[in-house]
Protein chains: 2
Amino acid sequence: MTTHDNDAFKPIATVDLAIFSLSPEGLAVLLVRRAAAPFSREWALPGGWIHIDEDADLEAAARRVLKEKTGVETPYLEQLQTTGSRDRDPRGWSISIVYIALLSADDVAKRQDAIAGDAEWRAIEGEGVGFSIAFDHALLLKEALGRIRSKVEYTNLPGHLLPVRFTLSELQSVYENLLGRKLDKSAFRKRMAEADFLEPVEGEMRRASNRPAQMFRLKDAQSLVLFDRRI
Amino acid sequence: MTTHDNDAFKPIATVDLAIFSLSPEGLAVLLVRRAAAPFSREWALPGGWIHIDEDADLEAAARRVLKEKTGVETPYLEQLQTTGSRDRDPRGWSISIVYIALLSADDVAKRQDAIAGDAEWRAIEGEGVGFSIAFDHALLLKEALGRIRSKVEYTNLPGHLLPVRFTLSELQSVYENLLGRKLDKSAFRKRMAEADFLEPVEGEMRRASNRPAQMFRLKDAQSLVLFDRRI
DNA sequence: CTAACTTAGTTGAAGATTTACACTAAGACG
DNA sequence: CGTCTTAGTGTAAATCTTCAACTAAGTTAG
């Protein structure tokens, strides 16, 4: 049953990230161009080996990769799933621990320069990016999109993609964009009030050639709030 | 950025299982006594190394461990999460990919003999088993219980713990047991009908000194059905 | 044989919630 | 000052939930 340490087979292990943000075309994911084999020159999800001395745990490794690629340190981050098989990497039995990160529009704008040279945002179309990417990353990305779309139904996830300050109408329009359907304004506002994850920013209003709108921010920018019912 | 294969640090990796069933005292988890160091002679979640030639992927490894410990081959199985850190195993940086398995009462009864000699069922009390177990397995078990209890609210999970054939009253009572509260009979039956995951077993009835009850079975014994609303 | 008992399964009224949509509010603009 | 635009609220009708009583179908005791 229990074996000696010598019997332990150690697979290749990487931590990979599906980092999302909002672009003018809707949801976008950060991809990097691989420099080395395998899949050299192809696009892939950002990721890396565990650094035995730097990384205290898996989440630390994910945060390190995230910072290397985007400069952002405190986004919403959650573990998605772990995939492992004999065939997914030509170098041998390998596993990938996949994390999802959501970047606020402010982070994307302010740190545009910090985005690593080999990295670029790609718009999401349907279940992926519309072209083929390295390893089984298309599948990992598809799983990440599934998780995100499912969570839009019953969490405040879209609030993590907006700028730090936003109006209820802006929030509603992100929900509608990600859900692919229109929502009732009055019901939407009631839900947000019940879920109690927003706080009004005192004094600040969005001004345009119409009635000014109250601005809000998330009470907690790093954790998701679950609703009682679907939106 | 991208490194040579030589730079890749490979952590220790195990697949560990939280295997649940119903005992007379309620929910129970299968624990094994460790034979070797570290934590020799202590109780732990069943698990093991990846077998490079036997296991095509992580789920195959989980199914292999499950079969070794219980004899059961086709239970409900889902990946819970992956934990990894420098400190969780005295032998060094290690990761554990944790799976949850649900065994039907029939599997437990019929395969009682197949349960490995070093394994025993332990009743769940609150957030664990009430005594200390090896590694960080108490924490992993707590996470597994959290996932299970949350899924009782909006899935047919309890149906996977019952015998293959059961009545609606029996199903309701498992829900009540796991939720820790009473449910309304009429609302409960409506939910189950809407969720459409049961099929009546033709002709079979549960007989006692009262009105006989229709027996049902799951339409699909290996997958969870999500409800539209909470139970 | 029948009345009492037990659990299965259904029904329906009262109350709560959701939905759809119209309405009012507050600014800019010409 | 009237029109336009988006913010934000109100409400009637429709739907869903809750709670409890009711009917159904068997066993068991006398």
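Within every chain, numbering begins at 1; the chains are lettered A, B, ... in the order of the sequence lines, protein sequences first and strands thereafter.
Toward the 5' end of DNA chain C, the nearer of the two residues B:Arg229 and B:Met215, judged by each one's closest nucleotide, is B:Met215.
For the residue pair A:Asp106/A:Ser104, the side-chain donor-acceptor check at 3.5 Å is not satisfied.
Computed from coordinates, the A:Lys182 NZ to C:dC21 C1' distance equals 16 Å when rounded to whole Å. If you measure from atom CG of A:Asp184 to atom P of C:dA22, you get 12 Å, rounded to the nearest angstrom. Note: CZ (B:Arg230) to C1' (C:dT17) measures 16 Å, nearest angstrom. The nearest whole Å value for the distance from the CZ atom in B:Phe216 to the P atom in C:dA8 is 12 Å. Between the CD atom of A:Glu170 and the C1' atom of D:dA7 there is a distance of 12 Å, given to the nearest Å. One atom, CG of B:Asp228, and another, P of D:dC16, lie 11 Å apart when rounded to the nearest Å.
B:Trp43 carries B:Arg122 over the face of its six-membered ring, with the cationic atom under 6.0 Å from the centre and within 45° of the normal.
Of the listed residues (A:Arg217, A:Arg165, A:Lys219), just one forms a salt bridge (charged side-chain N to carboxylate O under 4.0 Å, His left out) with A:Glu199, and that residue is A:Arg217.
For the pair A:Ser169 and D:dA7, the criterion of a side-chain N or O lying under 4.0 Å from OP1 or OP2 is met.
The aromatic rings of B:His160 and B:Tyr76 sit tilted, their planes meeting at an angle between 30° and 60°.
Residues of residues 186-214 of chain B having a heavy atom closer than 4.0 Å to DNA chain D, listed by number: B:Ser186, B:Lys190, B:Arg191, B:Ala208, B:Ser209, B:Asn210, B:Arg211, B:Pro212.
Checked against a 6.0 Å centroid threshold, the rings of B:Phe188 and B:Tyr175 count as neighbours.
Using a 4.0 Å cut-off between charged nitrogen and carboxylate oxygen, B:Glu73 and B:Arg63 do not count as a salt-bridge pair.
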